[in-house]
Amino acid sequence: MTDLSSLTVFITGATSGFGTAIARRFATDGARLILSGRRGKRLEALKAELSAVPVHTVVLDVRDRDAVAQAFAALPAAFAAIDVLVNNAGLALGLEPAQRAELDDWDTMVDTNIKGVMYCTRAALPGMVERKRGHVITIGSVAGYYPYQGGNAYGATKAFVDQFAMNLRADVAGTGVRVTNVAPGLSESEFSLVRFKGDADRAAAFYERTQPLTPEDVAECVHWTAALPAHVNINRIEVMPTVQAFSPLSVWREPKEA
């Protein structure tokens, strides 16, 4: 396995859920961490928690193209050579059918889940290619493969993430850079609270009588792909909790006449 103690790991969306768990997992190896997110106080709290390892924090909204470019360009010398980029920042908003969905929600998901991944990847990738090493890890979703009612734009953004990762693999062949898409299924974090716009009861009901994946489960998958020997590339990991499986194809039936 690769010794991760000398690596620099850049994690977007590090202020909650998967991002926080991924940061903690890499910290156990002694890796240098660049933690980014929109909530500065949470970043500083996580930095204090992980004080045993070098940590640099960046208050960053990945939707802002110029801010992303500036954040990467302004990294301190000790953190400038990024070995692992974890494109974790992402979200779902709403669960309404497409005909009732809010266009603002669609725009936010596209800007975060698609453009944010592109901006951060484009900023980190040239240095990785020049150094002939590196690993781009994207956090996708099983929603990118399997449609469900209300998934509309969210599922489409995660399908993009998977296809983008696979095309990156084609582009960086021979450079020593690895690319992996980790696609979780049902997971319990702030994800549903964000999706339902702060409705804690509705978010909690989403997980009732289930045992979903935890952020730590997903962090373990991310860590494993990065820790494998440099000649091994995991293209994608699709992971669901045992309680989740596949549904039959939907068939709409007209209501019976009275």
Side-chain angles (χ1 to χ4, degrees), residues 1-37 42-43 45-47 49-58 62 79 81-90 116-117 120-121 124-125 128 131 133-142 144 158 161-162 164-166 168-169 172 176-191 211-242:
M1 304 295 280
T2 298
D3 179 9
L4 302 181
S5 63
S6 63
L7 299 189
T8 299
V9 183
F10 193 124
I11 303 166
T12 68
T15 55
S16 65
F18 297 164
T20 298
I22 292 166
R24 289 170 175 155
R25 185 64 183 88
F26 278 104
T28 64
D29 297 294
R32 287 183 300 276
L33 301 176
I34 304 166
L35 307 178
S36 76
R42 286 200 181 190
L43 287 176
L46 186 57
K47 179 178 180 178
E49 176 191 334
L50 304 179
S51 60
V53 300
V55 177
H56 176 68
T57 60
V58 182
V62 297
F79 293 88
I82 299 167
D83 297 293
V84 181
L85 170 65
V86 184
N87 280 311
N88 167 71
V117 170
C120 293
T121 300
L125 196 57
M128 292 181 177
R131 293 186 295 273
R133 70 177 191 275
H135 198 165
V136 177
I137 302 174
T138 57
I139 304 298
S141 170
V142 297
K158 290 304 184 176
V161 169
D162 183 70
F164 183 61
M166 296 303 100
L168 284 177
R169 282 278 293 126
V172 300
V177 177
R178 301 188 288 178
V179 184
T180 302
N181 184 46
V182 177
L186 182 68
S187 307
E188 187 167 13
S189 65
E190 288 188 4
F191 178 85
Q211 186 174 354
L213 298 175
T214 67
E216 290 71 27
D217 295 329
V218 176
E220 195 63 38
C221 293
V222 171
H223 179 271
W224 177 71
T225 68
L228 288 169
H231 71 282
V232 178
N233 190 99
I234 302 299
N235 294 334
R236 64 164 64 98
I237 293 178
E238 181 184 317
V239 54
M240 291 179 174
T242 307

Let's go through M128 and V172 carefully: what are the C-alpha distance in whole Å and the side-chain angles of both, what is the deciding distance for side-chain contact (heavy atoms from CB on, under 4.5 Å) to 0.1 Å, and is it a yes or a no? CA-CA 10 Å; M128 292 181 177; V172 300; over 6 Å; no

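- Although no hydrogens or angles enter the test, the distance criterion places no donor-acceptor pair under 3.5 Å between the side chain of T8 and the main chain of D83.
- With T12 contributing its side chain and A89 its backbone, the two residues share a donor-acceptor pair below 3.5 Å.
- Among all heavy-atom pairs drawn from A226 and L4, the shortest one is O-CD2, 3.7 Å.
- A salt bridge (charged side-chain N to carboxylate O under 4.0 Å, His left out) check over residues 12-22, counting only residues at least two apart or in different chains, returns nothing.
- In plain terms, the two heavy atoms of L35 and L43 that are nearest each other are O-CD2, 3.7 Å.
- Not counting sequence neighbours, the partners of T225 by the side chain to side chain contact (heavy atoms under 4.5 Å, CB included) test are H135, I137, T180, I234, I237.
- Separating the SG atom in C221 from the CD1 atom in I22 is a distance of 9.5 Å, to the nearest 0.5 Å.
- Applying the salt bridge (Lys or Arg N to Asp or Glu O under 4.0 Å) criterion to R236, with sequence neighbours excluded, gives D162.
- With sequence neighbours excluded, the residues that form a side chain to side chain donor-acceptor pair (under 3.5 Å) with N235 are R169, N233.
- Every side chain to side chain donor-acceptor pair (under 3.5 Å) that T138 has, sequence neighbours left out, goes to N181.
- Listed by chain and residue number, R32, F79 satisfy the side chain to side chain contact (heavy atoms under 4.5 Å, CB included) test with P54 (two or more places apart in sequence, or in another chain).
- What you find for V142 and A183 is that their closest heavy atoms are CG1-O, 3.7 Å.
- A donor-acceptor pair is defined here as one N or O able to donate and one able to accept, closer than 3.5 Å; no such pair exists between the side chain of S187 and the backbone of T214.
- Shortest non-hydrogen contact noted between V53 and A31 is CB-O, 3.6 Å.
- Every residue meeting the side chain to side chain contact (heavy atoms under 4.5 Å, CB included) condition with P215, not counting sequence neighbours, appears here in chain and number order: F18, A21, S189.
- Not counting sequence neighbours, R131 has no partner by the salt bridge (Lys or Arg N to Asp or Glu O under 4.0 Å) test.
- Counting heavy atoms from C-beta on, the side chains of T57 and L46 never come closer than 4.5 Å.
- Distance alone, capped at 3.5 Å, is enough to place a donor-acceptor pair between the R178 side chain and the V232 backbone.
- With sequence neighbours excluded, the residues satisfying salt bridge (Lys or Arg N to Asp or Glu O under 4.0 Å) with E49 are R24.
- With rounding to the nearest 0.5 angstrom, the NE2 atom of H56 is 8.0 Å from the NZ atom of K47.
- Checked against side chain to side chain donor-acceptor pair (under 3.5 Å), E238 has the following partners two or more places apart in sequence or in another chain: Y146.
- Residues R42 and S16 come closest through the heavy atom pair NH1-CB, 3.5 Å.
- Nearest heavy-atom pair across G185 and L213 is N-CD1, 3.9 Å.
- Applying the side chain to side chain contact (heavy atoms under 4.5 Å, CB included) criterion to S141, with sequence neighbours excluded, gives A143, Y154, K158.
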Just do the side-chain contact (heavy atoms from CB on, under 4.5 Å) check on V222 and F26 with the steps written out, would you? CA-CA 9 Å; V222 171; F26 278 104; 4.0 Å; yes

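- Taking CG of N87 as the reference point, atom CZ of F10 lies at 9.0 Å (rounded to 0.5 Å).
- No donor-acceptor distance shorter than 3.5 angstrom exists from the side chain of T15 to the backbone of G13, with no hydrogens or angles considered.
- Salt bridge present: R25 and E220 bring a charged side-chain N and a carboxylate O closer than 4.0 Å.
- A search for side chain to side chain donor-acceptor pair (under 3.5 Å) contacts involving T20 returns nothing, not counting sequence neighbours.
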